[in-house]
Amino acid sequence: MKQQTTCPYCGVGCGITAELSANRILSVSGDPQHPANRGRLCVKGSTLHETTAPEARLLLPSIEGRAVSWDTALDKVARQIRQAVDQHGPGSVAMYLSGQLLTEDYYVANKLMKGFLGSAHVDTNSRLCMASTVAGHKRAFGADAVPGCYEDLEIADLILLVGSNAAWNHPILYQRIQAAKQANPSLRVVVIDPRATASCDLADLHLQLQPGSDAALFNALLVYLADQGHVDHAFLLQHAEGFEQTLATARADTPDISIAATKTGLDSHDLTRFFRWFAATERTVSLFSQGVNQSSSGTDKVNSLINCHLATGRIGKPGSSPFSLTGQPNAMGGREVGGLANQLAAHMDFSPENVDRVQRFWNAPNMASEPGHKALELFNAVERGEIKVLWIMATNPLVSLPDTHLIRRALKRCELVIVSESMADTDTLQLADICLPASSWGEKNGTVTNSERCISRQRSLLPPPGEARHDWQIICEVAKRLGFADAFNYSHPADIFAEHAALSGFENAGKRCFDISGLSRLSQTEYDQLQPIQWPITADAPYGTQRLFSNGKFFTPSGKARLIPVSSQQPMQQLTDEAPLRLNTGRIRDQWHTMTRTGRTPTLFRHRAEPFIDLHPLDAATHALQDQDLARLENAQGQFIGRVRITPGQRPGEVFVPMHWTQSFSSEGRCNVLIESVADPISGQPESKQGAVRLSGVVTAWHARLLTAKHLSVNLRGYWARMPQQQAMGYALADSDWPESWSDWCLQHLGQRPDLSLQTQPNGQLRACALENGKLLWLLLVSPDKHFPDLKPLDRQFTRSNLTALQQLNLLKSDQDSASGELICSCFQVDDPTIRAAIQSGCHSVEALGKALSCGTNCGSCIPELKALLAQEAEDVTH
Ligand code: SF4
């Protein structure tokens, strides 16, 4: 049987066709009918079916580690919320939500908190992702609305990628750009990013600007547009306000190209080229993402970019739009129902009229009338003891928020931490008083909204495992116990969606941009069959709306768009003698967020297996570091240890680390321990991309690979990183002291001395293993250097039920090892050495490699890396 649903990872929001049999998802493929992806999926989406097994799931409710019935858990949650509200007021209760929740989950959570308990302390991990865009949109358009649509990428003649590595983070959209460029060779792509990322593969121009200098760049562009006569005065006169003041501020900030060059660190000729291209190209789409948003002046950066679009009237027209790429699958849906602490439901704010309107619609007894704490303020309030009950849903703040130590202190201090979670092993769950098992992708049933305002159905394909329940059901059960049964008596997510849609149209009459009242009368069957549709959806636009603002009307009091004066700012996290390097953090191609889902798929670890530090060759030389060495980044707050990757794609003096590794996956791989708790004062979004750190090498006497049977628990010290294999659990290990006895080491860390071991020479290579009834329990490979064989053949030995004496002996010998290499193409499992060998044997193009090895022919996410390998091999031949 086949069923259509939507991918739960990035904001592209691809449609998926799942093949089901006997309560299992056998395979997934791209839904050819879905307008976002038209049948394609990236490697993360393509491996979704591998993440749905019930192992590692949270299956039972528990209190203080003891399994309890749902009634016991829900009674306690409701009792303690009631007690906190009675004793300390509504502001003592808070929720921290997630862009992984469906719109229906989000809606009831907000309704309970803001309408019935009277607390607006409801924020979401979307605060870390696009809060600066929300604030920028509201300032410019009077509404949090993305003007354009994906189709604009195929119509544009110039595409900017600003602070966005779309090739890795929005891969299917990047492939649409790639296809558009092939179809229209005059389409230009400009990448604006401090790093040379995989997205530069398509770039006609890469502006490798100084981190945080985006506003100076766009201020200079605005001045250039004005001085060179490229401003659309007719549009400004009729449809916008604030141009003169904005231009004067931009001129005072960045008056000319030479000052822009100094502020951004860019070459004047490159700046001039970019400005000329922008000025001359009517159909320009500016895609922007976390590189702009995650800044202490992110809102201003967003507006500095939108200012240039408004000044040239490039909005609401085919192929012309500023375009925010959201990180999460339902960041937009969360915004729609008021998931941010400074918003009410249906995109309304906390103005007295809107508070009154929502109160009347809900018939709410305790309506919050003021915005609540944004994420960082919220956890600060928890740490101060002001929040007594904190309910966290579907997110892992102990890993994802800045200043991990503060978050840990806050959670420890809080009287009651409730965590609704689908996975059993998250860092945050370890600090929960009450754990509530929640359904996950493949089980959940509801809607999500992607980056182009397209609402799609995520459908329930499997029953939740164990006693897991849907988030909306859990929230409604608590609401009923608090005495609000009438308002939370939903029997299906379709009921919740209909109410949400009705609220969006309530007393709207075109005053509010977010209006999906055209869907408020859907029957359950129609809801189940709902096809992707872009909001607004109203009586006038029953089939949705592709582009906004085409009529030149905005949602500000005057009906005009606003240009916002912006002065460029330095990052708040200052470089010092103790922390002289600029730290950038971000995503990688094959992992998602804190790995709770992608961490279950061994395939996705072969691209980047361990936490790493990208370094420029000059910084590596200054610190005497070689590629693949272990190195430490530290500052006053904490430390991160990762594998060095030397790349000229970094600017000197700047390092990049991935955001995904957690305490469950690594000894010291959490990047947020290094980021200070500072945020944009308008949006509250943390400055995650401009930390300050120092770098040093980590002394190592040995390195190892460990494979263990999956049920075995180990007690590791020193450096370790978990790298799941198909059959066994894998680890990379390293430490500074060579143990006096490896046998003792094994006993201490693996719980058992080896049954067999072979050491080639003192302080040389060692292999050891333990068996249980002829079955492999663990296998340890120690080496003084960092070279290890391909683990796949060894991993397969864990399937054997009775290893013969010869097979056991072979485990210890290295003469049959095959070389290991980094995985480049995850879809077809093609690694670096195989691709290099194919290039050396005559495959001199991506197409030729695809023909010979299939790499790059499915999702296409690895094509930039294939091109880089082709270039490297060509360079090696030249030299
Ligand atoms: S591009 Fe995003 S939404 Fe599409 S399959 Fe990949 S992760 Fe999922």
Side-chain angles (χ1 to χ4, degrees), residues 4-18 25 27-52 98-100 102 126 129-130 146 149-150 153 161 164-179 197-199 202 287 289-290 323-333 440-442 444 447-459 461 532 586-601 603-604 607 658-660 825-827 856 858-864:
Q4 287 171 315
T5 186
T6 310
C7 177
Y9 293 127
C10 83
V12 179
C14 296
I16 283 181
T17 305
I25 303 178
S27 64
V28 294
S29 56
D31 176 359
Q33 307 302 326
H34 199 288
N37 56 319
R38 301 172 188 156
R40 304 202 81 169
L41 288 181
C42 78
V43 63
K44 292 188 285 285
S46 321
T47 49
L48 264 167
H49 57 294
E50 295 175 23
T51 68
T52 53
S98 162
Q100 296 290 312
L102 305 189
S126 297
C129 173
M130 28 42 59
V146 173
C149 59
Y150 293 162
L153 301 173
L161 279 166
S164 158
N165 181 10
W168 280 15
N169 303 326
H170 298 92
I172 295 301
L173 223 49
Y174 183 77
Q175 284 167 38
R176 286 182 70 161
I177 301 173
Q178 204 164 26
T197 64
S199 299
L202 278 189
L287 295 165
S289 194
Q290 270 74 328
F323 202 135
S324 148
L325 290 179
T326 48
Q328 296 198 74
N330 200 29
M332 288 279 269
S440 183
W441 180 86
K444 287 174 93 68
T447 54
V448 290
T449 309
N450 73 5
S451 295
E452 62 164 352
R453 293 173 278 105
C454 183
I455 299 172
S456 299
R457 288 282 279 108
Q458 239 187 52
R459 294 188 171 87
L461 314 174
R587 299 171 189 215
I588 60 172
R589 195 189 73 186
D590 289 4
Q591 291 295 342
W592 176 255
H593 278 195
T594 62
M595 294 182 173
T596 48
R597 180 180 285 279
T598 47
R600 308 174 79 195
T601 304
T603 315
L604 299 180
H607 179 239
M659 58 162 276
H660 307 286
C825 172
S826 296
C827 298
N858 184 39
C859 81
S861 303
C862 64
I863 288 175

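Ligands are counted one by one from 1 in listed order, and the atoms in each one are counted from 1 as well.
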Task: Minimum-distance pair of heavy atoms, taken over all atoms of Gln178 and Ile863 - done: NE2-CG2, 3.8 Å

Task: Metal site atom 8 (Fe) of ligand 1: N/O/S of Cys7 inside 2.8 Å - done: yes

Task: Minimal non-hydrogen separation, Ala167 against Ser199, with atom names - done: N-OG, 3.0 Å

TODO: Tell me whether Cys14 has at least one N, O or S atom under 2.8 Å from atom 6 (Fe) of ligand 1.
DONE: no

Task: Closest approach of any protein heavy atom to atom 6 (Fe) of ligand 1, naming residue and atom - done: Cys42 SG, 2.3 Å

- [ ] Please name the pair of heavy atoms, one in Val12 and one in Tyr150, separated by the smallest distance, quoted to 0.1 Å.
- [x] O-OH, 3.0 Å

Task: Expected output: side-chain His660 to main-chain Ile588 donor-acceptor under 3.5 Å - done: yes

Open item on the list: Need the ligand 1 atom indices (1-based, order shown) with element for anything under 4.0 Å from a heavy-atom of Gly13.
Closed with: 3 (S)

- [ ] For Ser164 and His170, test the side chains for any donor-to-acceptor distance below 3.5 angstrom and give the result as yes or no.
- [x] no

Task: For Cys10, the ligand 1 atoms whose distance to one of its heavy atoms is below 4.0 Å - done: 1 (S), 2 (Fe), 3 (S), 7 (S)

TODO: Identify, by atom number and element, the atoms of ligand 1 in contact range of Ile172, meaning under 4.0 Å from any of its heavy atoms.
DONE: 1 (S), 4 (Fe)

TODO: Could you tell me which non-hydrogen atom of Ile172 sits nearest to which non-hydrogen atom of Ala36, and how far apart they are?
DONE: CG2-O, 4.0 Å

Open item on the list: With heavy-atom distances below 4.0 Å as the criterion, list the atoms of ligand 1 near Gly45.
Closed with: 5 (S)

- [ ] Please identify which atoms of ligand 1 are closer than 4.0 Å to at least one heavy atom of Pro171.
- [x] 1 (S)

- [ ] Without swapping roles, check the side chain of Ser451 against the backbone of Gly11 for a donor-acceptor pair under 3.5 Å.
- [x] yes

Task: Under 4.0 Å to a heavy atom of Tyr9 - the qualifying atoms of ligand 1, by number - done: 7 (S)

- [ ] Would you please determine whether Leu41 falls within less than 4.0 Å of ligand 1 on a heavy-atom basis?
- [x] yes

